[in-house]
Structure formats: structure tokens, C-alpha cells
Amino acid sequence: MIKIDALPAFSDNYIWLLQDQKQRRCAVVDPGDAAPVEAWLAANPGWQLSDILITHHHFDHVGGIERLKAATGARVLCPANEKIQGRDLGLYDSDQVDVLGQRFDIYEVPGHTLGHIAYIQPEQHWLFCGDTLFAGGCGRLFEGSPEQMHTSLSRLAALPGQTQVYCTHEYTLSNLRFAAAVEPDNPQVQQRLAQVGQWREDGQISLPSSIALERATNPFLRCHEPAVITIAAQREAAANLTPTQVFAALRAWKDHF
Ligand code: ZN
Ligand code: FE
């Protein structure tokens, strides 16, 4: 059995920590800062950090690699198409990789960055998606086109509904405020907004999410919904928008929301 915990980093990042409790081995996803992982290892003597999984090259995801690798000898898994210091294994779309005895499938999900990858464990229904899909939202388009990001998100949205979504940032509340502006009449958005608001007031994490919940409440996965198409068309003052154009309109709106 693998236990998954979030180690908070910076102001709103989570470093996901996968723990194989039997073997006392662990892996981390996107350690932007080494310190929270070092603190956990110091508090849990006898544990070995075996793998460092990286989704993309931004500093808040890779900043801890060097120190953690030097201290533990952990293997560093990265997107093949991005330049990342300390890389041991470069991963491409549809590669499979074994981490803590679990098989992970690799999806290339360009958009936020061009080489961004996601790690999917299909039997356990885990998705580690970095800054591509967020709870209630999606990453900004720093490198890719709306078409690329829409395609990437559509692939993730097609995963089984029970898939647990482990993204890197605690952006859920502000994402859901935007979702409520896009779909004011979606009761599931209102319900989730209230719930996440309560969780955050209580200092609780809002993750992981699930693909089913994202399909129901995340506007960026709902570009085919009549209500979403209508409001995107109003904002663009255009008719007959394609799903990619709907996505582009939402993303541009959210950038200034
Ligand atoms: Zn990023
Ligand atoms: Fe980030």
C-alpha cells in the first residue's frame, strides 16, 4: 500500500509524497524546495527517497532536485523535452515507468509549458498533473497554444471519473470563484465553492480532487457545455465558437479575473 501526503512548500505549492510503508521507501513529485522533504526524511529515520518525479521545468517544481539528489541518490524522472538539471530519465508520451513498485503511464500534456508531462497510475487511479489541470481550473499558457492545452486537458478529462487529481497548487478557491462567474447556474459549482471555502477557512487542503468532480465543475473541461459556449460567445462577441475557441476565451478571461 502506498500512502500519499502533501508537503506544503512556498505559499501555495504542494510536494506530493508517496510512501511505500512496507519497504520504507518514498518518492516525491515536483519538489520546488528541498527543505520540506529534508524535514520529513529527518523526522522519519530509516526511510529512503528513491525517486523524484518532475512534471515541468518551472523553478517552483524543480528547485529542490539538486539538494535532494545529492543527499539521497534518488533517481530523477523528467519530461524528455525540457532541460532540467540532474535528470536521470527523460520521459516521452506513452512511456511507462516503475516507481515504488507501481507502473505509471506518461502523458505529454503541452500548454502550460511545451514539454509538460503527467504521471498516471491506472490501477490506483492517481493522476499527478503538475500545473496542467488544477482543481477547478488549469495552468496559464506560458509556452503552449490554446489548442495544445485544450487537447491536453481533454485527454486528462477522459480518464476514469474516480481518478484522483494531485495537482501542484492550492488555487482551488479562486478557481471556483471564476467557475461560478462562468456558470452562475451550475449548482455543483456553487456547492463546491461553499465546501472549499469552508475547508480553506479551517486551514484544510482542497486536494486531491477527482476527474468526475472536475468534469462537473471545472469550466476548462466544459467547453462543450451550452451555458459555457454562450458566455464565451458573449465575451468574444462572436458566434459558432469551436471548443478550442471557447477554451481560449475562458483562459484569456481568467488571466484578468
Ligand atoms: Zn508551472
Ligand atoms: Fe507551479
Side-chain angles (χ1 to χ4, degrees), residues 4-18 27-37 51-68 76-87 90-93 106-120 126-153 155-156 164-178 196 200 205-209 214 218 220-221 247-248 250-252 254-257:
I4 304 178
D5 288 318
L7 303 178
F10 308 117
S11 57
D12 51 35
N13 281 61
Y14 294 120
I15 300 167
W16 294 106
L17 173 73
L18 288 70
V28 288
V29 183
D30 286 349
D33 185 5
V37 183
D51 293 278
I52 297 170
L53 281 60
I54 301 297
T55 62
H56 69 291
H57 67 84
H58 285 160
F59 180 76
D60 62 308
H61 301 249
V62 305
I65 294 175
E66 200 179 327
R67 245 163 67 190
L68 291 174
V76 179
L77 284 60
C78 295
N81 292 319
E82 294 190 348
K83 197 167 156 256
I84 292 165
Q85 283 286 328
R87 174 168 96 193
L91 298 167
Y92 292 96
D93 196 76
I106 305 304
Y107 281 17
E108 286 178 12
V109 285
H112 179 69
T113 66
L114 283 174
H116 200 303
I117 60 171
Y119 298 80
I120 293 134
W126 301 328
L127 165 65
F128 295 95
C129 49
D131 290 355
T132 297
L133 174 62
F134 288 131
C138 73
R140 281 176 190 262
L141 301 181
F142 284 116
E143 298 176 12
S145 66
E147 178 150 34
Q148 284 175 312
M149 187 61 142
H150 182 245
T151 301
S152 296
L153 291 172
R155 276 184 87 186
L156 299 181
Q164 301 294 291
V165 178
Y166 295 93
C167 53
T168 304
H169 290 274
E170 181 61 68
Y171 292 159
T172 317
L173 191 55
S174 58
N175 284 340
L176 290 173
R177 289 192 184 116
F178 177 70
V196 171
R200 296 306 294 151
I205 184 171
S206 68
L207 304 172
S209 172
E214 294 310 316
N218 185 330
F220 296 100
L221 302 190
F247 173 81
L250 293 181
R251 190 56 263 179
K254 175 70 165 65
D255 285 347
H256 304 285
F257 185 73

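Because the structure is predicted, anything quoted here is derived from the model rather than measured. First listed ligand is number 1; within each ligand, the first listed atom is number 1.
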Aromatic ring proximity H61/H169, centre distance under 6.0 Å: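 So the answer is yes for these two rings.
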
2.8 Å cut-off met by an N, O or S atom of D30 to the Fe ion (ligand 2): no

Residue H56, metal the Fe ion (ligand 2), N/O/S under 2.8 Å: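 No, H56 does not qualify, because none of its backbone or side-chain N, O or S atoms lies under 2.8 Å.
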
Neighbour count >12 (heavy atoms, 6.0 Å) for atom CZ, F257: yes

Minimum heavy-atom distance between G136 and E214, given as atom pair plus value: N-OE1, 2.8 Å

Nearest non-hydrogen partners of I84 and C78, listed with the distance: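 I84 and C78 have their closest heavy atoms at CG2-SG, 3.6 Å.
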
Identified side chain to side chain contact (heavy atoms under 4.5 Å, CB included) counterpart of I52 within the set V37, L77, V28: V28

Side-chain donor-acceptor contact under 3.5 Å, H56 with E143: no

Parallel, tilted or perpendicular, as decided by the 30° and 60° cut-offs, for the rings of F220 and F178: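 The rings of F178 and F220 lie parallel, inter-plane angle below 30°.
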
Atom of D60 closest to the Fe ion (ligand 2), considering N, O or S atoms: OD2

OD2 (D131) - the Fe ion (ligand 2) - NE2 (H61) angle, nearest 10°: 90°

Test: R200 and E170 ion pair at under 4.0 Å: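 Yes, R200 and E170 are salt-bridged.
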
Protein N/O/S neighbour count - the Zn ion (ligand 1), strictly under 2.8 Å: 4

